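Reading through the structure tokens given below for one structure.
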Amino acid sequence: MDEAIGRDRTVAVVGTGTMGQGIAQVALVAGHPVRLYDSAPGRAAEAVAAIGARLDRLVEKGRMAAADREAAAGRLHAAEDLAELADAALVVEAIVEDLEVKQRLFADLEKAVGDDTLLATNTSSLSVTAIAGRLRLPGRFVGLHFFNPAPLLPLVEVVRGFATDETAATRAYETVLAWGKTPVRCADTPGFIVNRIARPFYAEAFRVYEEGGADPATVDAVLRECGGFRMGPFELTDLIGQDVNEAVTRSVWDSFFQDPKFTPSLAQRRLVESGRLGRKSGHGWFPYAEGAERPEPRTEAPAKAPERITVRGDLGPAEALVGLVEEAGIRVEREEGEGCLVLPGGAELHLADGETSFQYQREIVYFDLALDYAAAGRIALSAREGVAPEVLGEAIGLFQALGKKVTVIGDVPGMIVARTVAMLVDLAVDAVDRGVATAGDIDTAMRLGVNYPAGPLEWAALLGYRRAATLLDELHDRYPTGRYAPCLGLARRAYAEEER
Ligand code: NAI
């Protein structure tokens, strides 16, 4: 019962829209006979034709043998009635995202199929436990959360509801694995892994913008070129659709009883209200009409590099900068003290730590966290309002001498990459401790599901739990809503790190 479902066994897909067609194609190409059912008359037959056309394109591109395509077509059928799904070993549901409708469907399905048929939902935002609520045998019910487009994206979240049997979860996991996907296991929580943990990637960027720290194009450029993310949150949500992205945020926030860790963005709300939904409506954060100019990120003009700097103490995650500075021909002196770079004029350059520059008597310029300082194409700096141009000039010149573009943002605590990463780490640690998923599965899910350059726990290894916790503590002082209060698990890990 806990092995993958045999390839000779039928897989049924109910709901043959975008996701249903994709999932059906995956099961079909894996070798199963596949039956499709949709409540809209003729929709299942249309899906059979659409999947056939997609397989034709694979043959044209040389990605599938013509004989395999013919064999697959022979295994794919539309069903007129749920009763025709009777011999299915697995039924995957991908119908409208409505709890009541899904519950009713599964109550009907349970009467049509055998007691050992594995039942799965592709829901992205509803509780798997709730959908199974009316089943006679809820132990065989799992979530199989595929990502769009299912034939291309490898990640599948295998979700255990409260009543799901371990054998059913394992069987679903093994089946998806045999289909060539990368399954991860997770508990039934709002947003599962990816949609839960990814929230701050969008929210922190929107907050920095809302607070006047930087404009959207600049925030995107910093997360991409300094943080190593493939796309920035503004351009990414324009692609996803502001309405779709906001709906996920609101659903996760509501499901967590409006926990401030997940509070949606007012600026994004305004976009949705005004119909600026992103690429699909021709305008979102950025304009997409013919000939519309895409705003450029803020980039500083060339400044003179200092001839020497002092490295004070240990720079921690930014230690690689020392070698880069030396390679650039800038003389480096070392001294003891709290980790920072000291510029010839006496100003100190600190890695973003959640504090602001204005609170100091001496000149402090912050630089943002990079995934890899050698590879980063851009570094963000922040300083207090009214800082002397010579001070900023030395800092800008230093990073420009390392071949980086430099962007100066407002005096926002935690800057952009550092605060985003600290929040991702916090949510990931909390999810691990609550048994949502293992650290390894969370990193895999975030790398594959949203293309992160490193999973949150890999980022944690780079940044350190203590630095992440301290940064969030500082933010919590500044914004005492509870959003930034480090979770207990992060505080515990930070403490353990200090003890070592
Ligand atoms: P869709 O609107 O493209 O397709 C839904 C299909 O279900 C339609 O063909 C509709 O006629 C059919 N349907 C509705 N009620 C039915 C019922 N009672 N019985 C049988 N068929 C019924 O929707 P889409 O985007 O494919 O989403 C389906 C499910 O997958 C939803 O639960 C959604 O949350 C989830 N999902 C969607 C993703 C996406 O990117 N679109 C990604 C991951 C999950």
Side-chain angles (χ1 to χ4, degrees), residues 12-27 35-51 54 78-85 88 91-113 119-128 130-132 134 141-159 161 176 181 183-184 186 188 190-196 198 236-237 239-252 255 277-280 445 448-451:
V13 175
V14 178
T16 60
T18 310
M19 294 308 293
Q21 288 185 20
I23 296 164
Q25 184 180 327
V26 171
R35 218 155 294 159
L36 303 180
Y37 173 78
D38 196 288
S39 58
R43 194 67 64 80
E46 285 167 26
V48 168
I51 293 168
R54 244 171 263 135
E80 300 278 319
D81 202 293
L82 287 181
E84 290 175 51
L85 312 183
V91 182
V92 184
E93 165 273 315
I95 68 168
V96 58
E97 188 76 335
D98 179 308
L99 177 60
E100 174 69 29
V101 180
K102 284 191 198 280
Q103 283 181 332
R104 223 177 313 126
L105 169 76
F106 278 108
D108 292 343
L109 256 176
E110 201 170 38
K111 290 180 208 135
V113 301
L119 299 178
T121 174
N122 184 50
T123 185
S124 47
S125 63
L126 299 172
S127 152
V128 168
I131 298 172
R134 290 196 210 158
F141 189 80
V142 294
L144 280 181
H145 185 221
F146 287 79
F147 290 71
N148 186 23
L152 293 182
L153 295 185
L155 184 68
V156 181
E157 293 174 326
V158 180
V159 187
V176 173
K181 294 294 176 191
V184 290
C186 72
D188 183 20
F192 308 135
I193 300 175
V194 173
N195 282 340
R196 168 179 177 146
L236 180 56
T237 52
L239 186 68
I240 296 169
Q242 298 304 334
D243 51 342
V244 174
N245 180 263
E246 198 217 21
V248 177
T249 302
R250 289 173 75 102
S251 148
V252 172
S255 306
L277 305 182
R279 284 176 184 267
K280 63 185 174 188
L448 297 181
V450 268
N451 250 324

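Keep in mind that this is a model prediction, so the values were computed, not measured. Counting convention: from 1, in listed order, for ligands and their atoms alike. Counting begins at 1 with the first residue of the sequence.
Residues Lys102 and Glu93 are paired through a salt bridge, judged by an N-O separation under 4.0 Å between the basic side chain and the carboxylate. A salt bridge between Arg134 and Glu100 is present, with a side-chain N of the basic residue lying under 4.0 Å from a carboxylate O of the acidic one.
In terms of protein heavy-atom proximity, atom 41 (N) of ligand 1 is closest to Met19 CG, 3.9 Å. Annotation: atom 40 (O) of ligand 1 to nearest protein heavy atom, Asn148 CB, 3.3 Å. Ranking the protein heavy atoms by distance from atom 29 (C) of ligand 1 puts Ile95 O, 3.3 Å first. Nearest non-hydrogen protein atom to atom 9 (O) of ligand 1 is Asp38 OD2, 2.6 Å. Annotation: atom 4 (O) of ligand 1 to nearest protein heavy atom, Gly17 CA, 3.3 Å. The protein atom (non-hydrogen) at minimum distance from atom 5 (C) of ligand 1 is Ala94 O, 3.7 Å. Closest to atom 3 (O) of ligand 1, if we only count protein heavy atoms, is Thr18 N, 3.0 Å. Ser39 N, 3.3 Å is the protein heavy atom nearest to atom 20 (C) of ligand 1.
Interatomic distance, CZ of Phe192 versus OG1 of Thr123, reported as 5.5 Å (0.5 Å rounding). Distance check, rounded to the nearest 0.5 Å: CG of Leu119 to CD of Glu110 gives 6.5 Å.
If you number the atoms of ligand 1 from 1 as listed, the ones under 4.0 Å from a heavy atom of Val101 come out as 18 (N). Of all the atoms in ligand 1, the ones that sit under 4.0 Å from a non-hydrogen atom of Ala40 are 11 (O). For ligand 1, the atoms lying closer than 4.0 Å to a non-hydrogen atom of Lys102 are 31 (C), 32 (O). In summary, the atoms of ligand 1 found under 4.0 Å from a heavy atom of Val14, numbered by their order in the structure, are 20 (C). Annotation for ligand 1: atoms under 4.0 Å from non-hydrogen atoms of Arg43 are 8 (C), 9 (O), 10 (C), 11 (O).
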(request) Under the side-chain hydrogen bond (donor to acceptor under 3.5 Å, both in side chains) rule, what do Asn245 and Thr237 come out as? Steps first, then yes or no, please. (result) CA-CA 6 Å; Asn245 180 263; Thr237 52; 5.3 Å; no
(message) Applying side-chain contact (heavy atoms from CB on, under 4.5 Å) to Met19 and Phe146, what does each step give before you reach the verdict?
(response) CA-CA 8 Å; Met19 294 308 293; Phe146 287 79; 3.8 Å; yes
(message) Test side-chain contact (heavy atoms from CB on, under 4.5 Å) on Leu155 and Val194; report intermediate values, then the result.
(response) CA-CA 10 Å; Leu155 184 68; Val194 173; 3.7 Å; yes
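There is no protein heavy atom less than 4.0 angstrom from atom 23 (O) of ligand 1.
Distances between N or O atoms of His145 and those of ligand 1 include no value under 3.5 Å. For a threshold of 3.5 Å applied to N or O pairs, the pair formed by Ser124 and ligand 1 contains at least one separation below that value. For the pair Asn122 and ligand 1, the shortest N or O to N or O distance falls below 3.5 Å. The shortest N or O to N or O distance between Gly20 and ligand 1 is not under 3.5 Å.
Taking the side chain as every heavy atom from C-beta outward, Leu144 and Asn122 never approach each other to under 4.5 Å.
Residues satisfying the side chain to side chain donor-acceptor pair (under 3.5 Å) criterion with Asn148, sequence neighbours excluded, are absent altogether. When the side chain to side chain donor-acceptor pair (under 3.5 Å) test is applied to Asp243, the partners found at least two apart in sequence or on another chain are Lys280.
The closest donor-acceptor contact from the side chain of Gln103 to the backbone of Ala130 lies under 3.5 Å.
What you find for Ala150 and Val26 is that their closest heavy atoms are O-CG2, 3.7 Å.
Looking at Phe147 against ligand 1, nothing comes within 4.0 Å, counting heavy atoms.
For atom 15 (N) of ligand 1, the nearest non-hydrogen atom from the set Leu109, Thr123, Val96 comes from Val96.
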